[in-house]
Amino acid sequence: MNKNFYITTPIYYPSGKPHMGHAYSSIVADIFARFKRLEGYDVLFLTGTDEHGQKIQKEAEKNNKNPKEFCDELSEKFRSLTKILNLTNDDFIRTTEQRHYDAVKDIWNRLVKSGDIYLDKYSGWYSVSDEAFYDEDEVEKKEGKRIAKSSGSTVDWVEEESYFFKLSAWQDKLLDYYKKNKDFILPSSRKNEVISFVKKGLKDLSISRTSFTWGIQVPENSKHIIYVWLDALTNYISALNFPDTDGTKYKSFWPADVHIIGKDILRFHAIYWPAFLLAAKLPLPKRVFGHGWILSDEKKMSKSLGNILDPIEIINKYGIDQLRYYLIKEVSLGNDGSISMQNLKNCINNDLANNYGNLCQRVFSFIKKNCSNRIPRSNKLETKDIKMLDNLKDKIPDLIKLINKQNLNEYIKIVVSFSFDANKYFNDSEPWSLKKSDPNRMNTILYTSVEQIKNISILLNPIIPESTNKVLDVINLKKKDLLIENISNDSIFDHNQELKNLDILFKKIENDN
RNA sequence: GGCGAGGUAGCUCAGUUGGUUAGAGCACAGGACUCAUAAGCCUGGGGUCGGCGGUUCGAAUCCGCCCCUCGCUACCA
């Protein structure tokens, strides 16, 4: 059995600067990627940018740039975000790359060959200002003009030649796939939405445009540009060197283990993408996980409300691990969640500074003062020592299961509880009062505490990599030792080497406003 | 309108197939300690489990009706 794991973020449309939603999807995906590496998997973690379309073309024109040049700049912003977020993506795909063009064209040809593409006319009420088509019932007559009910902008009847994908033909196959693969769409509440949508009946999908030129041309008809979803979704396999389906990369990593996406693009990933793949006779991804949105103080972020959260600003102010931790601990993955500065501060101070950070600090500085700064060897472990260590060790299979179901919230809750326990253990054991009376027992308590700190740090590593790496470095662990299997392995400690100095891990946030 | 999810302590939520005084974290109050980032530990207050009615020896947990909130309801991504 191959220990390969392929996980993706959405590819981001770079028409604006990166926002919290982008950061969230990426961080979530990164955490799973890191965890699977801890488990010993060979991981491929992909992110990137989706760069075609009318909007980009127009923006480029406005800025007097050719679209490619314009995209180079925009995409770079997203690439630099991966560094700021401390992502471990193995690749960064751009839809303007040759490898992507090759893949999309091949997919197109496969769909033509299978008879799933036909040429027809796309017609509807189009609003230039909204850049959107409206159905008959979304339009009303007012003073002799037709306007869109939702926006009030005028609409015109437009007919455009377009290629269509026979989405309707795949309805039953899709429903069948959902039924047979119960966890294909998670969380399950979203699965219900998708199923009920498909059950209502699928219309064929317009998959080409002639109204703009910035995109991938239809192979046999250069007037047409392949429209967004068929182009964008294909990125997940173009990064695997598709159409080279015999290549190692494709063979090792397709089908993907999970596409992490926001709930707003669930339909495209849970309906269109599998339908394209079915038609192209390619295997379907194993899972699509649609997470919720990040709100700002319970409200949707908007420019007019002035409550837009800039991830970079927060990171500069509080730190990347702090943001990563908060997003995972306080936001229920799958549901919408909100960031409030007060909650963020509480979370940093309580969980990170006072709990985990201070645990490390108190144990290491005690060792420095009383054990010539070396991890003491344990004497005979007593029941309470074993109990604490086993409590963590015994939960590992459960923790792995939680991660495999993308249940990060439960995962982090359990891991944090170990840190609570360790503080209590240290407290109740009172090593300071054993200094003279029973130094052997004191050593055992310190050893046990360090062992537990190591184990907790490994489990927290996917979430707060920067900080836990510092802690593991203090006790002289190597990067290669960072594996789940080294939990409860105390033979990796070097008892002769001095501990490195640990600066304050997490600074407390003062209430300043 | 249709389909779906949910309403449990001030806040965020957990409550497996109905069963002893309904739980956790945060916030709040008090206490003992001192290794530590005045951190950690212990104790406590606080809930008619949305409302009404029903099934049952017994319901937050099952059934019915009502009230409220949220999501989805196709080609901007």
Side-chain angles (χ1 to χ4, degrees), chain A residues 10-16 21 50 52-56 122 124 127 130-135 138 151 162 164-165 167 187-209 227-230 232 262-268 271-272 290 292-293 298 329-332 334-338 340 342-343 345-347 349-370 409-410 413 416-417 419-420 422-435 442 445-446 449 502-509:
Chain A
I11 47 172
Y12 303 118
Y13 200 65
S15 61
D50 171 22
H52 293 132
Q54 191 169 31
K55 222 180 218 167
I56 294 280
Y122 184 63
S127 155
D130 299 350
E131 288 180 27
F133 279 92
Y134 292 101
D135 271 347
E138 292 174 306
S151 65
S162 170
F164 282 81
F165 172 71
L167 185 62
S188 52
S189 54
R190 304 248 178 266
K191 173 173 140 182
N192 295 336
E193 290 174 10
V194 171
I195 290 177
S196 70
F197 183 87
V198 175
K199 277 188 175 161
K200 274 201 279 187
L202 295 172
K203 284 191 220 161
D204 289 350
L205 198 64
S206 159
I207 50 166
S208 78
R209 287 289 186 281
Y227 195 49
V228 58
W229 286 108
L230 185 53
K263 63 178 183 180
D264 47 336
I265 52 173
L266 178 62
R267 183 188 314 141
F268 311 110
I271 300 174
Y272 298 179
W293 284 336
E298 308 286 320
K329 176 80 188 321
E330 298 293 317
V331 177
S332 159
N335 296 118
D336 291 352
S338 72
S340 83
Q342 192 55 50
N343 286 346
K345 283 175 192 170
N346 285 344
C347 184
N349 289 350
N350 293 326
D351 284 26
L352 294 178
N354 294 347
N355 198 315
Y356 173 70
N358 188 52
L359 171 69
C360 297
Q361 201 68 35
R362 71 198 297 202
V363 170
F364 295 154
S365 69
F366 196 96
I367 289 176
K368 188 171 185 180
K369 283 180 193 162
N370 301 291
N409 301 104
E410 193 60 25
K413 225 163 107 183
V416 167
S417 77
S419 183
F420 276 73
N423 266 314
K424 180 171 164 53
Y425 168 85
F426 197 78
N427 235 72
D428 294 353
S429 307
E430 297 184 37
W432 50 90
S433 62
L434 296 168
K435 263 187 261 185
M442 180 190 81
I445 288 157
L446 292 172
S449 300
L502 180 67
D503 295 329
I504 294 293
L505 260 189
F506 303 99
K507 266 201 276 188
K508 299 235 293 196
I509 312 298

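Values below: all heavy atoms of this structure, side chains included; hydrogens, waters and symmetry mates excluded. Predicted model, so just to flag it, every value in this text is computed and none were measured.
- As judged by a 4.0 angstrom heavy-atom cut-off over every strand, K369(A) is placed among residues touching the sugar-phosphate backbone only.
- Closest contact between the side chain of Y13(A) and the listed nucleotides A77(B), A74(B), U37(B) involves A77(B).
- Closest to the side chain of F506(A), from the set C41(B), U37(B), G4(B), is U37(B).
- Checking A77(B), G71(B), U73(B) against the side-chain heavy atoms of F197(A) singles out U73(B) as nearest.
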Nucleotide N/O to protein N/O under 3.5 Å, stretch nucleotides 22-26 of chain B:
unit_1 : atom_1 : unit_2  : atom_2 : d
C26(B) : O3'    : N350(A) : ND2    : 2.9

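- If you check C75(B), C35(B), A39(B) against the side chain of W432(A), the one that comes closest is C35(B).
- You'll find that the side chain of R267(A) is closest to U73(B), out of U73(B), C35(B), U37(B).
- Closest to the side chain of Y227(A), from the set C75(B), G40(B), G4(B), is C75(B).
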Checklist line | Under the 3.5 Å Watson-Crick or G-U criterion, the dot-bracket string of RNA chain B, with | for inter-strand pairs | finding: (((((((..((((.....[...)))).((((.........)))).....(((((..]....))))))))))))....
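- Note on S365(A): only backbone sugar-phosphate atoms sit closer than 4.0 angstrom, heavy atoms only; bases stay farther off.
- The residue L202(A) sits close to a base: some heavy atom pair falls under 4.0 Å.
- Nearest nucleotide to the side chain of F426(A), out of U37(B), C35(B), A74(B): C35(B).
- Between C35(B), A77(B), C72(B), one nucleotide has an atom nearer to the side chain of D50(A) than all others, and that is A77(B).
- Between F506(A) and Y356(A), the angle of the ring planes lies from 30° to 60°, which puts this pair in the tilted group.
- Cation-pi geometry between R362(A) and F426(A) is not satisfied (NZ or CZ under 6.0 Å from the ring centre, within 45° of the ring normal).
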